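Input: a single structure, listed below in C-alpha cells.
From a predicted model like this one, the values you see are computed outputs, not experimental measurements. In what follows, residues are counted from 1 in the order of the sequence shown.
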Amino acid sequence: MERKIAEILAELCGVESEEIEPDLQLFEEGLLDSFAAIQLVLALEEAFGVSLDMASLPRERIATPAAIAALIREKRK
C-alpha cells in the first residue's frame, strides 16, 4: 500500500517515488495544495476502493504519506 501511495504522490507532485518518505510533510514542502489534495483524494479512492469525504477530511489526515496509509487502512475496515 505504501508503495502505491508513493507512486500516486510522485505523479501528482512531479517527483520520483523514491523521494516520497513516510513522514514527508506534503503541504509544508509545497508538494500539495488544495487543488492537488482533491486530485489525491480522487486517486486514492480509485486505487484503494475507499470513499473519502473531502468536505469532512481534515488536512492532517493527508499531510504525510504515513497519515494517508493510516487513513486508507481505517477506511478499508
Determine whether I68 and L9 make a side-chain contact, defined as any pair of heavy atoms from C-beta on separated by less than 4.5 Å.
yes

Non-hydrogen atoms of A37 and F27 that approach each other most closely
CB-CZ, 4.1 Å

Search all heavy atoms of V41 against all heavy atoms of M54 and return the closest pair with its distance.
CG2-SD, 3.3 Å

Please test R73 against E2 for salt bridge (Lys or Arg N to Asp or Glu O under 4.0 Å), starting from the C-alpha separation and ending with a verdict.
CA-CA 11 Å; R73 283 189 191 94; E2 284 78 2; 2.2 Å; yes

Could you measure the distance from the CD1 atom of I5 to the CD atom of E7? Nearest 0.5 Å is fine.
10.5 Å

Give, for atom CG of L40 and atom OG of S34, the distance between the pair rounded to the nearest 0.5 Å.
12.5 Å

For a quick test of reading the model, state the closest non-hydrogen atom pair linking S51 to K75 and the distance between them.
O-CD, 4.1 Å

Validate the cation-pi geometry between R76 and F48: distance from NZ or CZ to the six-membered ring centre under 6.0 Å, angle to the ring axis within 45°.
no

Checking side-chain contact (heavy atoms from CB on, under 4.5 Å) for the pair L26/I62: CA distance, chi angles, key distance, verdict?
CA-CA 8 Å; L26 299 166; I62 57 170; over 6 Å; no

Apply side-chain contact (heavy atoms from CB on, under 4.5 Å) to E11 and Q39, showing your working.
CA-CA 11 Å; E11 185 174 330; Q39 291 178 306; over 6 Å; no

Near E46 CD, under 6.0 Å, is it more than 12 heavy atoms from other residues, nucleotides or ligands?
no

For L24, is there any backbone N or O sitting under 3.5 Å from a side-chain donor or acceptor partner on E29?
no

CD1 on I20 to CZ on R3, rounded to 0.5 Å
13.5 Å

Evaluation steps, side-chain contact (heavy atoms from CB on, under 4.5 Å), between E19 and E16:
CA-CA 5 Å; E19 296 178 50; E16 296 295 323; 3.6 Å; yes

Would you name the heavy atoms of A66 and D23 that are closest together and state the gap between them?
CB-OD1, 4.1 Å

Evaluate L71 against L52 for side-chain contact (heavy atoms from CB on, under 4.5 Å), listing each step before the verdict.
CA-CA 9 Å; L71 174 65; L52 303 171; 4.0 Å; yes

Please walk me through it: do E74 and R61 pass salt bridge (Lys or Arg N to Asp or Glu O under 4.0 Å)?
CA-CA 11 Å; E74 176 184 310; R61 299 300 308 268; 2.9 Å; yes

